[in-house]
Amino acid sequence: MPSTITLAHVLLAMAAIDAAVALAFLGGAQRHAGHGRGTPGYARARTSRRASLYAFAAAAGFALLALTPAGDVVLVDLAP
């Protein structure tokens, strides 16, 4: 376990959770794929595809922010 918890640790954890959510949205898009335009299944697939795109973009943003110098900010110092 690290002796300090930094902002980068928190941001990378958020990015991992966001990427998992995006994969779940992609699963929903695949489940409703193949429906014709104007049907509720098509709308669900379109909404899931859009949500997965936004979630992947947010995950990438969190990961990139963790790599900046702002990620070096110490939030908790666990050293005795």
Side-chain angles (χ1 to χ4, degrees):
M1 180 147 165
S3 62
T4 60
I5 296 177
T6 63
L7 185 60
H9 291 109
V10 174
L11 288 171
L12 287 176
M14 288 174 51
I17 291 169
D18 215 7
V21 168
L23 289 175
F25 278 128
L26 276 179
Q30 289 299 317
R31 184 173 47 249
H32 296 292
H35 293 278
R37 290 180 68 90
T39 62
Y42 179 83
R44 285 186 195 105
R46 183 187 62 219
T47 302
S48 291
R49 282 192 308 270
R50 193 175 295 151
S52 69
L53 176 68
Y54 293 149
F56 273 128
F62 288 143
L64 287 176
L65 188 60
L67 297 175
T68 64
D72 295 334
V73 174
V74 176
L75 298 177
V76 178
D77 189 11
L78 301 175

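Just so it is clear, the values below take in all heavy atoms, side chains as well, and ignore hydrogens, waters and symmetry mates. For reference, positions follow the sequence shown, starting with 1.
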Output all residues satisfying side-chain hydrogen bond (donor to acceptor under 3.5 Å, both in side chains) with Ser48, sequence neighbours left out; order by chain, then residue number.
none

Backbone N or O of Arg49 within a donor-acceptor pair of the Ser52 side chain at under 3.5 Å?
yes

Would you name the heavy atoms of Asp18 and Ala58 that are closest together and state the gap between them?
OD2-CB, 2.9 Å

Shared hydrophobic cluster for Ile5 and Phe62 (ILVMFWY, side-chain gaps under 4.5 Å)
yes

Could you work out, with side-chain hydrogen bond (donor to acceptor under 3.5 Å, both in side chains) as the rule, every residue matching Tyr54, not counting sequence neighbours?
none

Taking atom CZ of Arg46 and atom NE2 of His35, what is their separation to the nearest 0.5 Å?
13.0 Å

Nearest heavy atoms of Ala33 and Ala45, plus distance in Å:
N-CB, 4.3 Å

Which Ile, Leu, Val, Met, Phe, Trp or Tyr residues join Leu26 in one cluster when any pair of side-chain heavy atoms under 4.5 Å counts as a link?
Leu23, Phe56

For residues 71-80, please give each side-chain donor-acceptor pair under 3.5 Å, one per line with the distance, not counting sequence neighbours.
unit_1, atom_1, unit_2, atom_2, d
Asp77, OD1, Ala79, N, 3.4

Ala66: partners by side-chain contact (heavy atoms from CB on, under 4.5 Å), with sequence neighbours left out
Ala8, Leu11, Leu12

Are Leu65 and Val10 grouped together when hydrophobic residues (ILVMFWY) are joined by side-chain heavy atoms under 4.5 angstrom apart?
yes

Rest of the hydrophobic cluster containing Tyr42 (Ile/Leu/Val/Met/Phe/Trp/Tyr, side-chain heavy atoms under 4.5 Å)?
none

